[in-house]
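Only one structure is covered here, and it is reproduced in the block below.
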Amino acid sequence: MPVEKRTPIPVREAVNRVIKQDILLGTTEVDLDQSTGYILAEDIVATYEIPRFDKSPYDGYALRSKDTLEASGERRIEFKVIDHIGAGSVSSKVVGEFEAVRIMTGAQIPEGADAVVMLEQTVEDQDTFTIRKPFKPGDNIAKKGEETQTGDVVLEKGQVVNPGAIAVLATYGYTKVPVYIKPSIGIIATGSELLEVGDDLEEGKIRNSNGPMLASLCQKMGIEVESYHIQQDDLESSIEAVNKALETHHIVITTGGVSVGDYDYLPEIYKAINATILFNKIAMRPGSVTTVAVANGQYLFGLSGNPSACFTGFELYVKPAVYKMMGAKKYYPQIVQATLMEDFMKPNPFTRFIRGIATFDGQQMTVSPAGFNKSGAVVSIAHSNAMIILPKGTRGYKKGYQVNVILTESQAFEEEFNI
Ligand code: AMP
Ligand code: MG
């Protein structure tokens, strides 16, 4: 068979072809404690104000500010304590002239009072205390509705349920959360050279590392995955395997077999299942042969078998597609600028993605390659937290250049922070 000629498209075009499929799976409700990582399917509207009542942000005394006006270091003013209330309690007393209610953080301001004096600002005696400075109406009071008014959209449809959103949902009494259904993903590693993780090594064979890596990438996104057995480079059984995975999962990711080699069957598999190919050549390295197709509203991601290319393909194409499919309003990767710490002088005919380590050195964001960086590299992926983007060009990149970087991992740092 003659080698098929493929026309490379820019990365941006490829990502957008994937995104534009607009595949959504409908909505459902999940328990609040299971909802982290889902995307909200409805706006969440405040049914009451936050705070719900004027309350004290401190432990102290609630009093009338007008009684404090004459207070000074020379002329301390004395107040009589008429009640004690903790958080959750409401005083039945009305605060009168030179009276105060001892109040704890979170407690409702009693009637009559319009300011709170912090305990540290008082000198206490038995049933009285004195202060040495005047207060204004509203001092040290968290006002009813100062954060949120009734009717405010506090969370938007399309936003991810993160721990802060959980707190908001809890505040408004959501035991069930309206979310979009998440896609489930089937993963098939293809290649007759592959062994399962638990297999003993054999001559000419390698263990399947892409499959577990992809499963882990999906799990990190909170996506359910099924990892199928290794698929030999055999057309008939490969078609069967992909069809089977499509029956049970919304998305099928394969690795390997996307090139134009004698045993690269992915193009034929797509043909056999009548999939529409969105692209099969991207102007990027590694992973230029990454292929994405759709069949009956289902995505098929054909990632390269080269581990680094496989990882890059997931970050660039699978992740945005999955977020979009989960109903997310934001689905593109976060890009930051960093100072390149090493030369890359070879000209690039295609945009290059290099696994990197991005760090803030106290002054600026810097990025260095994460180690051995050929497309077949495995170990460097583990040490990277970023992908350096070097756009195609004829001149290469020198240490000190500003480059764009995709952050792929948020992590803790070794250095003690200096705050
Ligand atoms: P392919 O995309 O099938 O041409 O494979 C490209 C390279 O990646 C070859 O060196 C393969 O042996 C290697 N490879 C393919 N699949 C995997 C896998 N699942 N895990 C690790 N390496 C792989
Ligand atoms: Mg192969």
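The first residue in the sequence is number 1, and the count goes up from there. In what follows, every heavy atom counts, from backbone to side chain, and hydrogens, waters and symmetry copies are set aside. Order of appearance sets the numbers: ligands from 1, and atoms from 1 within every ligand.
- At a 4.0 Å heavy-atom cut-off, ligand 1 does not touch V289 at all.
- The single protein non-hydrogen atom nearest to atom 6 (C) of ligand 1 is N306 N, 3.7 Å, given as residue, atom name and distance.
- Of the protein's non-hydrogen atoms, the one nearest atom 22 (N) of ligand 1 is I206 CD1, 3.4 Å.
- The protein heavy atom nearest to atom 9 (C) of ligand 1 is E193 OE2, 4.1 Å.
- For ligand 1, the atoms closer than 4.0 angstrom to any heavy atom of G256 are 1 (P), 2 (O), 3 (O).
- Against a heavy-atom cut-off of under 4.0 Å, T255 is close to the following atoms of ligand 1: 19 (N).
- Between S35 and I166 the shortest side-chain heavy-atom distance falls below 4.5 Å.
- Counting heavy atoms of neighbouring residues, nucleotides and ligands inside a 6.0 Å radius, atom OH of Y174 exceeds 12 of them.
- Y172 and Y48 have tilted rings, their planes meeting at an angle from 30° to 60° on a 0 to 90° scale.
- In this structure, atom 19 (N) of ligand 1 lies nearest to the protein heavy atom N208 OD1, 2.9 Å.
- Aromatic ring pairs are classed by plane angle as parallel below 30°, tilted from 30° to 60° and perpendicular above 60°; the pair F279 and Y317 is tilted.
- Nearest to atom 14 (N) of ligand 1 by heavy-atom distance, out of G257, G305, S259, is G305.
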(request) Verify salt bridge (Lys or Arg N to Asp or Glu O under 4.0 Å) between K398 and E342, making sure each step is shown before the conclusion. (result) CA-CA 7 Å; K398 278 212 176 84; E342 221 169 87; over 6 Å; no
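- K133 forms a cation-pi arrangement with F135, by the criterion of a distance under 6.0 Å to the ring centre and an angle within 45° of the ring axis.
- If you check which protein heavy atom lies closest to atom 17 (C) of ligand 1, you get N210 ND2, 3.3 Å.
- In this structure, S209 is part of the shell of residues with a heavy atom less than 4.0 angstrom from ligand 1.
- K182 forms a cation-pi arrangement with Y38, by the criterion of a distance under 6.0 Å to the ring centre and an angle within 45° of the ring axis.
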